[in-house]
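Working notes, structure below.
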Number of protein chains: 2
Amino acid sequence: MDKKPPLISVAIVEDDDDIRQSLAVLIDGTEGFMCANTYRECWEAIQGVTAETPDVVLMDIGLPGMSGIEGIRRIKDRLPDLDILVLTVHENDEIVFEALCAGACGYLVKETPPARILEAIREVKRGGSPMSTQIARMVTNSFQRKTMHPLTTREVEVLDTLCKGKSYKMIGESLFISEETVRRHLKNIYKKLEVHSKSEAVAKALKEKIV
Amino acid sequence: MDKKPPLISVAIVEDDDDIRQSLAVLIDGTEGFMCANTYRECWEAIQGVTAETPDVVLMDIGLPGMSGIEGIRRIKDRLPDLDILVLTVHENDEIVFEALCAGACGYLVKETPPARILEAIREVKRGGSPMSTQIARMVTNSFQRKTMHPLTTREVEVLDTLCKGKSYKMIGESLFISEETVRRHLKNIYKKLEVHSKSEAVAKALKEKIV
DNA sequence: CTATAATTGACCCGTTCGGGTTATTTTCCC
DNA sequence: GGGAAAATAACCCGAACGGGTCAATTATAG
């Protein structure tokens, strides 16, 4: 008696008819997979997947009406544990990171061969986060500190201490310099970063990964 | 006449003699790979790779003397374009993210089968960032906003505006409430986050991904 | 329907900050 | 060894902030 592994059910959100149908055929035609449903746009998908609760959603980004990014956000709001895998032509930094922040757990570019798409879906099911080569590199690079900024070594130290929430006085004590010198450094930092307050400086430092 | 692809030269940093030699044998014994050198600890490795400039460094984390994390940092300081692939038993969040921040472009756990290690090295060479299943998921999850925090919806809005570097007055104008109410919200936010200044609140909000 | 949480608003007061100006010492590159 | 860049330090002043106390209205959950 054969013991069949449970099917991985996949929902597809893709506006291009050809691509959508090809994907559906690919998934339904492969042992171990089933296509739960397909959608042309996000609104339908949000309704649909809430009812169907597939294992994985294959999601395009450039969609008519609501963008895939917002779609991911909405679906994740309702079903935080549902895994959403992005499949798109967009390789732009902004979009990649927005998709991941919205809750995507993987990101494939559209030239990905069918076999790799299937493998990626399996990987998602196993608790992984498959990404195309260049996307993965963008992601790991995003962790690294920026070195291209106009600040001197000492200024970075001051800014780093500032980011720990300290006052001028406390920064001075930490770095063994007078409060007035801290003040001076901060003035220079503000000019260079084009900010006008501690909180703005901290926000910029953390967002731009200066510290 | 055969056209051989150039060999991928790999340096290994690993203190365990058995593992180090196994890896060296694996790499030298595989078509298309060569082991440039092996090191027991970071200091040697830093000197060595600076001279040899291999294509990829396979790096352990738990090393005697300087930790692999610091080793990655030092090597990257000297050779920012050298690709370093971590191969370790450590799956702890802290260590994974420290390694990536230090400059690792990939992260494999030690149970990774030899074939996958070789494939990962090829992927690094192609400009990718191979990661073990669970590591990749940790990484994508790290982009998502935390929902477990003690702040109310409105407080998050206020904090979000604060993170754009605005003053109380400007926050009030943005959210159509009086400056005094902003002040009140901030007081509650400070209590809940246990901070005592705008910059500390911004730092905490961004680091903890509350906004 | 009631009680609790959330959101809104106000005043006071001492501290800190942001921006302006000036100046000396140290470090490091050419 | 000379000059530029960086790091150090000081003073002033008005604006902004942090913390304290008090209070009203609106949602929301039980």
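Computed from a predicted structure; not experimentally measured.
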Self-check item: Lys/Arg-Asp/Glu bridge criterion (N-O < 4.0 Å) met for Glu179(B), Arg183(B)
Solution: yes
Quiz item: Would Glu70(A) and Arg74(A) count as a salt bridge (charged side-chain N to carboxylate O under 4.0 Å, His left out) if you check the C-alpha gap in whole Å, the side-chain angles of each, and the deciding distance to 0.1 Å?
Solution: CA-CA 6 Å; Glu70(A) 187 57 27; Arg74(A) 305 281 183 111; 2.7 Å; yes
Quiz item: When you check every protein heavy atom under 4.0 Å of nucleotides 14-30 of chain C, what one-letter string (B, S, -) results, 5' to 3'?
Solution: ---SBBBBB--------
Exercise. Would you jot down, in residue-number order, the residues of residues 201-211 of chain B having a non-hydrogen atom under 4.0 Å from DNA chain D?
Key: none
Quiz item: Would you call Arg126(B) and Glu119(B) a salt bridge, using N to O less than 4.0 angstrom?
Solution: yes
Practice problem: Measure the distance from CD on Glu157(A) to C1' on dT8(D) and round it to the nearest whole Å. | Solution: 14 Å
Quiz item: When you measure from the side chain of Asp28(B) to the backbone N and O of Met34(B), does any donor-acceptor pair fall under 3.5 Å?
Solution: no
Pairwise N/O distances under 3.5 Å, protein to nucleotides 4-7 of chain D:
residue : atom : partner   : partner atom : Å
dA7(D)  : OP1  : Arg154(A) : N            : 3.1
dA7(D)  : OP2  : Thr152(A) : OG1          : 2.3

Quiz item: Sub-3.5 Å donor-acceptor pair from the side chain of Ser129(A) to the main-chain atoms of Gly106(A), do we have one?
Solution: no
Quiz item: Just by distance, do the side chain of Thr152(A) and the backbone of Glu155(A) share a donor-acceptor pair under 3.5 Å?
Solution: yes
Exercise. Using modelled atom types only, decide if a donor and an acceptor are shared between the side chain of Arg137(A) and the backbone of Val124(B) within a distance under 3.5 Å.
Key: yes
Quiz item: Stepwise, does the side chain to side chain contact (heavy atoms under 4.5 Å, CB included) test hold for Ile72(B) with Met59(B)?
Solution: CA-CA 8 Å; Ile72(B) 295 170; Met59(B) 187 95 180; 4.2 Å; yes
Quiz item: Is it true that Glu208(B) and Arg145(B) have a side-chain N and a carboxylate O under 4.0 angstrom from each other?
Solution: no
Quiz item: Does the distance from a Lys or Arg side-chain N to an Asp or Glu carboxylate O, for Asp160(B) and Lys164(B), drop under 4.0 Å?
Solution: yes
Self-check item: Length of the CD1-P vector between Ile189(B) and dA5(C), whole Å
Solution: 18 Å
